[in-house]
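All values below were derived from every heavy atom in this structure, side-chain atoms included, with hydrogens, water molecules and symmetry-related copies excluded. Just so we're on the same page: letters track the sequence lines, and every chain starts at 1.
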Amino acid sequence: MIKIGKWIVTSAWPYAHGVPHLGNLIGSLLSADIFTRYLRIKGEDAILVSGSDEHGTPIEVKALQMGRDPKDLTDEIHSKIVNMLEGFNIKFDNYTRTHNDVHIKFVQDFYMKIFENGHIFKKKDKMLYCEHDKLFLPDRFVVGTCPHCGYEHARGDQCENCGKLLTPLELVEPKCIVCGEEPVVRETTHFYFDLPAFEERLRKMISESETLTENAKNFSLNMIKEGLRPRSITRNNKWGIPAPFPGAEDLTIYVWFEAVLGYVSAVKEYFIKKEGDQDKWKEWWFDKDTNVAFFIGKDNIPFHTIIFPALLMATGDPYTFKFYIGATEYLNFEGKKFSKTHKIGIWCDEALKLLPPDYWRYTLVYLRPETRDSSFTWEALDYAVNEELNNHFGNLVQRLLTLIKKYYGGRLQKADVKTGDQKEVIKTLDEVSRKVDRFYMDMRFQKVLPEVMRLVKRANALINKERPWEKAKENPDLAHSTLYTIYRAVKAATIMLYPIIPESSRKILGYLGENDEEVSWNAMYEEPEAVVIDPGFKPPFNRINIEDIKNKLRLLRGDVMERIDIGYLSKIDMRIGTVEKAEKKVGSKKILRISVDIGKRKIKVLAGLAPYYKPDELVGKKVVVITNMKPKKIIDETSDAMLLAAIDDKGRVRLLTPDGDIDNGAKVG
RNA sequence: AGCGGGGUGGGGCAGCCAGGAAGCCCGCCGGGCUCAUAACCCGGAGGUCCGAGGUUCAAAUCCUCGCCCCGCUACCA
């Protein structure tokens with residue numbers, strides 16, 4: 001295998017004022033994880049770093065409103081994000097934060113160096129200042145009347161009504177968004193980065209880049225053509241990294257210009273923590289052959305193609321510019337933008353309470369907005385998980401394992417391909433793996449899925465056509481080679497999906513008898529002499545019910561569930577009954593077999609109450625029974641009804657019982 | 001306004017750069033199979049490829065004009 005060199009993989013730093021939503025996840029953090037996993041199974045040397053971006057006005061204001069210390073607030077949110085990453089199996093080598101000593105010192109030294117190199121200058125500016133909150137107000141913290149159309153709720157940067165771009169000073173009757181009072185104009189001095197000085201070098205760097213996409217290049221070159229402007233790099237915030245320049249005692253570095261340097265400082269911190277080496281990071285960042293992959297949203301492209309490189313250039317240090325930008329468009333939620341205030345969307349912490357991480361990871365890749373905005377829909381989740389992951393892929397795995405276990409005692413010797421159809425499957429495997437390899441390298445993860453599915457479907461078709469369950473007796477050689485071919489296809493599909501669904505892939509590889517910790521891309525081309533499967537295999541995925549998940553989400557949020565009408569309720573026949581007999585079902589830990597007298601007849605219920613009630617406690621108790629449930633088979637016998645019980649968050653279970661005496665058979669409603 | 005993306009059977013998309021019989025997935029209709037989680041496989045119906053004009057032996061694909069959708073636009077994180 002050809003090694004491409006060292007890789008630094010990073011993602012946009014989540015802003016620490018809340019837990020990211022599914023759109024943030026696929027755009028940056030998850031994509032970076034997938035790419036890194038891909039590089040590693042290909043044998044590449046990669047480190048994955050990112051962190052929480054915790055400075056800046058929004059957090060300062062939020063803390064102010066909550067009466068909390070900003071650090072205290074970001075501590076909390078940072079740890080939530082860390083938990084969330086763990087939950088989604090997103091494994092960073094260093095997931096850090098901007099309020100840490102290594103970063104703070106790095107940023108100050110970095111800007112001091114640029115300052116000494118003469119690329120930073122001072123300029124006086126007029127800004128709105130809120131005397132009540134003692135805060136300079138950035139664009140979006142001011143609202144007022146639009147001078148063009150008279151719209152009263154125009155924001156400081158743009159009027160949503162007429163679309164014109166504004167500056168806060170143009171607003172008629174401006175108001176502070178925090179307290180509503182009218183701010184005053186104040187003069188402040190800020191430090192500016194001389195971006196235009198780098199126009200030529202940037203143009204050269206971008207147009208000569210062999211790693212940036214056409215799209216990113218054109219977009220960036222266009223901006224340079226329109227002319228770059230100096231950018232102010234300081235703010236009046238208290239919550240931030242103090243600007244190191246002489247005469248900048250009251251200023252902090254503007255978050256944008258500070259957080260990006262985390263890409264470098266997080267690598268530095270990684271090597272300090274790992275090897276105690278202060279300078280090892282330079283072997284990575286100062287190596288012209290080190291590849292740097294950024295996973296960001298589309299709005300962030302110029303920052304990574306223009307501003308960040310210009311800053312690196314300004315230091316005079318030999319930074320690598322072998323940049324790969326994996327920019328995504330936006331993921332919307334059922335056609336609308338994610339919005340916390342309008343409760344549109346799903347947030348990562350909620351998502352983990354609803355489904356296993358791999359189900360989300362697969363669905364998010366399925367929806368990954370690579371060429372245009374896409375939209376999360378419940379139908380897409382349903383399709384991705386139930387059809388593709390479960391019915392096609394999961395079921396194929398289950399079929400293969402069952403066939404090997406049933407007809408070959410769990411051990412399959414190597415076999416050569418025997419039929420044209422088997423040959424076709426292997427040919428598909430080769431084709432698909434080549435394409436998938438390219439898609440990963442080109443950061444087109446979404447395209448991986450239909451390709452792998454093509455192989456999976458071919459494999460399913462081969463089983464149907466060659467009928468190994470019947471040929472195992474009449475033509476064992478044929479059945480044998482069919483199964484070995486399927487085995488190769490399944491293993492290949494599993495490895496190709498590993499970066500996307502790592503937990504499940506590892507599990508499946510374990511079932512297939514691959515017990516290595518390290519997953520390797522090349523293993524998919526190997527043909528072991530014998531395959532010994534794990535006899536304890538289980539279906540790798542389960543079908544999900546979308547309505548249940550929606551309801552679970554409503555419960556999580558404390559929302560009311562879907563409204564139903566009275567007719568719906570009247571279909572449920574609930575009766576009062578008395579428990580007549582109760583006994584533990586043999587061979588089950590949880591199930592009790594209960595007979596309930598409901599007046600005119602007796603009814604049998606199998607209920608999972610053993611952990612909560614002793615059989616004797618139940619006898620004689622008045623309970624509520626749903627008598628018209630469809631019979632449900634539990635283990636080896638059927639249950640004809642259901643008892644109503646309540647369960648709380650602590651996992652306690654209590655049966656419902658009527659208040660006072662009432663006859664058995666009384667209708668509940 | 002500027003820049004970018006897009007308009008292809010009921011829905012979602014590929015194909016367009018390097019013109020040559022319109023493809024994939026879902027849905028729908030019909031059939032097969034029972035190894036597999038009512039899962040799997042096969043077949044069928046269904047399209048003025050936004051409109052108009054042009055280039056060409058040949059255009060979804062190239063050119064011109066127009067219509068319609070969506071996103072981005074840097075001292076916002």
Base, sugar-phosphate alone, or nothing: which one does [X] contact when heavy atoms must sit under 4.0 Å apart?
X: His392(A); result: sugar-phosphate
X: Arg467(A); result: sugar-phosphate
X: Asn300(A); result: base
X: Phe303(A); result: nothing
X: Lys465(A); result: nothing
X: Pro539(A); result: base
X: Pro369(A); result: nothing
X: Asn391(A); result: sugar-phosphate
X: Asn390(A); result: base

Paired nucleotide for [N] [Watson-Crick or G-U wobble; both distances under 3.5 Å]:
N: A38(B); result: none
N: A60(B); result: none
N: G4(B); result: C70(B)
N: C16(B); result: none
N: C28(B); result: G44(B)

Find which nucleotide of RNA chain B each of Gly394(A) and Glu388(A) is nearest to by heavy atoms, and output the residue with the more 5' nucleotide.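 The residue whose closest nucleotide sits nearer the 5' end is Glu388(A).
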Indicate, yes or no, whether a donor-acceptor pair under 3.5 Å links the base of C33(B) to the side chain of Asn464(A).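 Answer is no: no donor-acceptor pair is held.
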Hey, is Asp75(A) close enough to Arg97(A) for a salt bridge, meaning N to O under 4.0 Å?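 Salt bridge flag = yes for Arg97(A) with Asp75(A).
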Check ion pair Glu76(A)-Arg68(A) (N to O, under 4.0 angstrom):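 The answer is yes: the pair qualifies as a salt bridge.
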With respect to the side chain of [X], which nucleotide from [options] is positioned closest?
X: Asn460(A); options: U37(B), U34(B), C40(B); value: C40(B)
X: Tyr330(A); options: G71(B), C35(B), A39(B); value: G71(B)
X: Trp469(A); options: C41(B), U34(B), A36(B); value: U34(B)
X: Tyr254(A); options: A36(B), C41(B), C76(B); value: C76(B)
X: Gln398(A); options: U37(B), C35(B), A39(B); value: U37(B)

Lys447(A) vs A14(B): side-chain N/O to OP1/OP2 distance below 4.0 Å: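 False: Lys447(A) side-chain N/O out of range (4.0 Å or more) of A14(B) OP1/OP2.
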Please determine if a side-chain N or O atom of Arg399(A) lies less than 4.0 Å away from the OP1 or OP2 oxygen of U34(B).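 Negative; the distance criterion is not met.
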Could you tell me if Tyr383(A) and Glu388(A) have a donor-acceptor pair between their side chains, going purely by distance under 3.5 Å?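 Their side chains do contain a donor-acceptor pair, which is all the 3.5 Å distance test asks for.
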Main-chain N/O of [Y] paired with [X] side-chain donor or acceptor, under 3.5 Å:
X: Gln422(A); Y: Lys418(A); answer: yes
X: Asp442(A); Y: Phe439(A); answer: no
X: Thr98(A); Y: Glu54(A); answer: yes

Distance in angstrom units between Lys473(A) NZ and C35(B) C1', rounded: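 Result: 10 Å.
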